[in-house]
Amino acid sequence: MELLLTAVTQIATPMTLLAIVAGTFVGVIVGVLPGLGSVLGLTMVLPFTFAMPQIPAIALMLGVYCGSVYGGSITAIVLNTPGTPQSAATAMEGFPMAQRGEADLAIGWVTAASTLGGLFSVAVLALAGPTLATFSLQFTPIEYFALGLFAMTCIAGVSSGALAKGLMAGGIGIILSMIGADPVTGDLRFTFHSFQLTAGIGLIPVIVGLFAFSEMFLRVLDLDAGKTAAKDMRVGFRLPRWADWRPRLGMLLRGSLIGSFVGALPGTGAATASFIAYSEAQRTSPRRANFGKGEADGLVACESANNAVTGSALVPTLALGIPGDPVTAVMLGALVIQGVAPGPQLFVNHLDLIYAIFLVLVIVNVVMFAIGALGAPIFTRVLRIPEPILIGLILIISTVGAYGVNGNLFDVWIAFGAGVAGAILRYFSYPVAPIVIGMVLGPTIEMSLRQGLILTRGDALAFFQRPIALMLFIITAAILLWPLVRRLRARERT
Amino acid sequence: MDAGNAPGLESDAVSPRRQRAGRLTEIMIVALLVAALALFLAASFGKTSAFAQASSGRGPYFFPRIVLGGMAILIPVLLVGIRQRAALLPERAPLVRMIFVILATAAYCAAIGVIGFLLASVLFGGLVPVLLGQRGYLMLAAIALSYAVAVWLLFEKIFLIILPASPFGLGF
């Protein structure tokens, strides 16, 4: 109780509340603009967090995270162009509703379902986080090594159909993380006699380059493509009646459960959760005949699911220090800059901070509802900003993000290099998220492997004698081999 | 554009020349990866400290060699993938435009250190839209100026993050 009160006092400051409102507002705008997405939004606000105290900085990031997941749905409803991939399913029901003049009602459904789904996931985080952290206190380096490898399988999830390229990108990320001093012996590795490289390559400049710079470079290629203009559609906010809500409460609960479960798995994310919830709603809804024509069941299912991911995705990130996707990898990087070391010890030594994060998430979801209700007409106007102007402005703020971590121009060049490389790699369908995942997980995997070998006196087979580690190794192998098995089975059938 | 999207794989009626160029570029990417792997592998046989040598082969390059080995195994898989389906190069006009924006960004990164963040950002913020075909120079100049000043004020005066200053003694 005392810790909870401490958390409340930490949050009840004008700066934290301002950070929540500003973060959520920026997050919704980033979500509304097609293609920008959560990672870019988080990257853009990173420089603002450098000079902020811990709690407001975390509040700003969480606001952007949750706001961006919600914001994408507004564009999906108004333009039939999902602002973020996780809103793709929303467009299937939201746009037909908008076409029959009920855009305001669709936004009402989406806003309410997003808020309730988000709040549900906070409860999941509050329950599952401490349990997982307590369980993981008995982990030795061997379990951490197995867990690190298991988390790397999220590469399979973000590599959609290009597993070899994804694994190669993951390898690049691990190698980048090894540049600089060896954490065990202190020897300098892969510095190629460069003084600047002795401190290693920072995660944040690489993230800025891979996601913000490369995105802007690639957008230039698409400038000529005919885009749906933000027409003068009347967009407002109308909350559905309780009588309409009552038969859909089951759908809301199911969507929230799916989102919470999927979010905690590595490499899945809000888009997967949203589609699973949508197809499940389509299968079970008594109004399934209306699907595709603007049925609220579909909206409730996919929006509660994609927002329920936000809290549960933080479970492995905070409890184990293992990010499940690029969004939580960026969050992890930002937390480390703030002096927070995610992992089981965080739940033991800084429970007040954990409570503060829970409370911030609750407030963010409530603020998101208010911002959605009041700002829906404003957000659609953002879509009218000419893209050539937007590209220049985003490149400037991203450059500050790369520079601000260490106040070092070398980091700006790292970001630029990562941006060019990222644009080329992405163009040729190499997923870049695994590079970040590799950079985050590489040091954990290496340290735990080497510590584990010291513990077992060099006996690698002893790694398979510990039940939790063995189970994680088996799951990892199964996930990596599954695409191959599926292809072989499909070939057998044909 | 989503982080996982691959614009190069968009299917349309294409000339064989674009297809060939795409395949060649992909092969060049793999060749660069091979060169980088060879470079890092060679560096992993460099001199190590006596302490590292005493750690019986599990010194600083033990894990990197495992990773580099794994990446080397993936090279033939990537080459087979290119043979099966290669991406197309973009059309000439957007490609040239993208190269211009990349060059402008490189110039911006260099200019920050030479003329300071504020001046470089005003120039860059105005130049990029012009390069991308946006007209209305007065409005663009006003946007670039106000945005760069706002970002500079926010970071320098509120967040106290010192951004590179110009060498002209102007105070920014």
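A, B, ... follow the sequence lines: proteins, then strands. Residue 1 opens every chain.
- Between the OG atom of A:Ser177 and the CD1 atom of A:Ile172 there is a distance of 12.5 Å, given to the nearest 0.5 Å.
- Here the straight-line distance linking atom CG of B:Leu89 with atom CG of B:Leu95 works out to 7.0 Å at 0.5 Å rounding.
- Heavy-atom neighbours of A:Met15 CE from other residues, nucleotides or ligands within 6.0 Å: above the threshold of 12.
- Of the inter-residue distances, the one linking A:Ile174 atom CD1 with B:Met71 atom CE reads 8.5 Å to the nearest 0.5 angstrom.
- Within residues 75-82 of chain B, the residues having any heavy atom less than 4.5 Å from a heavy atom of chain A are, in residue-number order, B:Ile75, B:Val77, B:Leu78.
- If you tally non-hydrogen atom pairs under 4.5 Å between each of B:Val151, B:Val128, B:Thr105, B:Val101 and chain A, the highest count goes to B:Thr105.
- Between the CD1 atom of A:Ile445 and the CZ atom of A:Arg450 there is a distance of 14.0 Å, given to the nearest 0.5 Å.
- For the side chain to side chain contact (heavy atoms under 4.5 Å, CB included) with A:Ser398, the lone residue among A:Leu393, A:Val208, A:Val412 that qualifies is A:Val208.
- With respect to chain A, the highest number of heavy-atom pairs below 4.5 Å among B:Leu127, B:Leu39, B:Leu131 belongs to B:Leu39.
- Contact annotation for A:Ile389: both backbone and side-chain heavy atoms come within less than 4.5 Å of a heavy atom of chain B.
- Residue B:Phe100 does not touch chain A at all, counting heavy-atom pairs closer than 4.5 Å.
- Less than 6.0 angstrom separates the ring centroid of B:Tyr61 from the ring centroid of A:Phe190.
- Of all heavy-atom pairs between B:Tyr147 and A:Ile397, the closest is OH-CB, 3.4 Å.
- B:Arg83 and B:Glu26 are not joined by a salt bridge, as no carboxylate oxygen comes within less than 4.0 angstrom of a charged side-chain nitrogen.
- For the set B:Gly125, B:Pro90, B:Ser121, B:Gly70, the count of heavy-atom pairs under 4.5 angstrom toward chain A peaks at B:Pro90.
- By number of non-hydrogen pairs under 4.5 angstrom with chain B, the leading residue of A:Gly404, A:Pro47, A:Gly407 is A:Pro47.
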